[in-house]
Amino acid sequence: MDAQTVLYLSLAVAVVALVVVVSIALLSIRRNVDRITRRVDESLRQFEMTAEDVRKNNVAVREILSDVERSVSNVKHLTEGVRALRGPVDVAAKVLDHAVSPALVNVASLLVGFKAATSHILERFVRKEEKK
């Protein structure tokens with residue numbers, strides 16, 4: 001074997017070794033890229049699920065806020081109604097204080113006086129019958 005053949009053989013062996021090493025490196029890189037791709041896909045799925053959950057929560061929060069706005073509107077309407085009633089209630093209270101209350105006191109006084117008079121008259125009749 002001459003030197004040129006040995007050189008060609010050693011170069012062929014080196015090329016084969018280089019191809020094997022490069023193939024192993026490329027396979028390792030490919031596995032790593034596949035793993036990264038799977039992780040990115042899983043992360044994207046998780047992100048999509050989170051976005052969907054946020055959307056659902058957003059819809060629920062909007063419904064709650066619309067119910068709250070309706071409730072606030074109802075309370076406002078009720079408050080305005082109570083304010084509108086305040087005037088007639090104040091007038092009725094003044095009428096009660098100035099007219100009805102004194103009239104009730106007079107009626108009560110009349111009833112007490114009537115009771116006292118009736119009691120006095122009955123007592124006199126009972127005494128007269130006892131004397132007989």
Side-chain angles (χ1 to χ4, degrees):
M1 272 201 192
D2 60 350
Q4 190 177 11
T5 307
V6 171
L7 178 65
Y8 286 143
L9 282 177
S10 62
L11 281 175
V13 170
V15 167
V16 169
L18 181 65
V19 167
V20 168
V21 168
V22 168
S23 296
I24 291 172
L26 288 175
L27 284 174
S28 174
I29 291 172
R30 182 175 178 194
R31 272 188 252 130
N32 287 337
V33 168
D34 286 343
R35 271 192 231 133
I36 290 172
T37 303
R38 275 185 262 133
R39 287 183 182 168
V40 167
D41 285 344
E42 184 63 30
S43 296
L44 287 174
R45 273 191 228 108
Q46 290 292 329
F47 180 76
E48 288 171 355
M49 289 185 341
T50 304
E52 184 65 21
D53 289 343
V54 167
R55 188 192 65 77
K56 287 177 184 177
N57 288 340
N58 189 20
V59 168
V61 167
R62 284 180 188 239
E63 288 175 5
I64 290 169
L65 286 178
S66 106
D67 291 343
V68 167
E69 286 175 357
R70 242 181 281 126
S71 298
V72 167
S73 174
N74 290 341
V75 168
K76 183 180 175 185
H77 183 68
L78 178 68
T79 304
E80 289 172 358
V82 168
R83 283 186 187 147
L85 272 177
R86 184 178 287 162
V89 169
D90 287 344
V91 169
K94 286 179 184 175
V95 167
L96 182 68
D97 284 344
H98 296 294
V100 176
S101 290
L104 287 177
V105 168
N106 288 338
V107 168
S109 298
L110 178 72
L111 287 175
V112 168
F114 182 72
K115 180 184 174 207
T118 307
S119 176
H120 180 69
I121 291 171
L122 286 176
E123 183 123 349
R124 292 196 102 197
F125 279 125
V126 169
R127 278 194 214 154
K128 281 185 180 180
E129 288 185 5
E130 288 179 3
K131 289 183 182 179
K132 289 186 180 181

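Quick caveat: nothing in here was measured; it's all calculated off a predicted structure. Note that the numbering runs from 1 along the sequence shown for the chain.
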In the single-linkage hydrophobic clustering (I, L, V, M, F, W, Y; side-chain heavy atoms under 4.5 Å), do Ile36 and Leu44 co-cluster?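 Same cluster: Ile36 reaches Leu44 through Ile, Leu, Val, Met, Phe, Trp or Tyr contacts under 4.5 Å.
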
Shared ILVMFWY cluster between Leu26 and Leu18, side chains joined below 4.5 angstrom?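 Yes: a chain of side-chain contacts under 4.5 Å links Leu26 to Leu18.
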
What I'd like to find out is whether the side chain of Val13 reaches to under 4.5 Å of the side chain of Ser10, using heavy atoms alone.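 No, side chains not in contact.
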
Hey, does Lys115 have a side-chain heavy atom less than 4.5 Å from the side chain of Leu111?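 In short, these two side chains do not touch, never coming nearer than 4.5 Å.
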
Nearest 0.5 Å, please: how far is [atom2] in [Y] from [atom1] in [X]?
X	Y	atom1	atom2	answer
Leu11	Gln4	CG	CD	10.5 Å
Asp34	Ile29	CG	CD1	12.0 Å
Arg35	Arg31	CZ	CZ	7.0 Å
Asn74	Arg70	CG	CZ	8.5 Å

Under 3.5 Å donor-acceptor, [X] side chain and [Y] backbone:
X	Y	answer
Ser71	Asp67	yes
Ser43	Arg39	yes
Ser23	Val19	yes

Show your working on side chain to side chain donor-acceptor pair (under 3.5 Å) between Thr5 and Asp2 and close with a plain yes or no. CA-CA 6 Å; Thr5 307; Asp2 60 350; 2.5 Å; yes

Please walk me through it: do Ser66 and Arg62 pass side chain to side chain donor-acceptor pair (under 3.5 Å)? CA-CA 6 Å; Ser66 106; Arg62 284 180 188 239; over 6 Å; no

Is the shortest distance from a Lys or Arg side-chain nitrogen in Arg55 or Glu52 to a carboxylate oxygen in the other one below 4.0 Å?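 Salt bridge present between Arg55 and Glu52.
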
Which one of Leu78, Thr79, Val72 satisfies the side chain to side chain contact (heavy atoms under 4.5 Å, CB included) criterion with Val75?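 Considering Leu78, Thr79, Val72, a side chain to side chain contact (heavy atoms under 4.5 Å, CB included) with Val75 is found only for Thr79.
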
As a quick check of understanding, evaluate salt bridge (charged side-chain N to carboxylate O under 4.0 Å, His left out) for Glu48 and Arg45, giving each step before the final call. CA-CA 5 Å; Glu48 288 171 355; Arg45 273 191 228 108; over 6 Å; no

Can you confirm whether Arg30 is buried at CZ, in the sense that more than 12 heavy atoms of other residues, nucleotides or ligands lie under 6.0 Å from that atom?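 No - once you tally the heavy atoms of other residues, nucleotides and ligands closer than 6.0 Å, there are 12 at most.
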
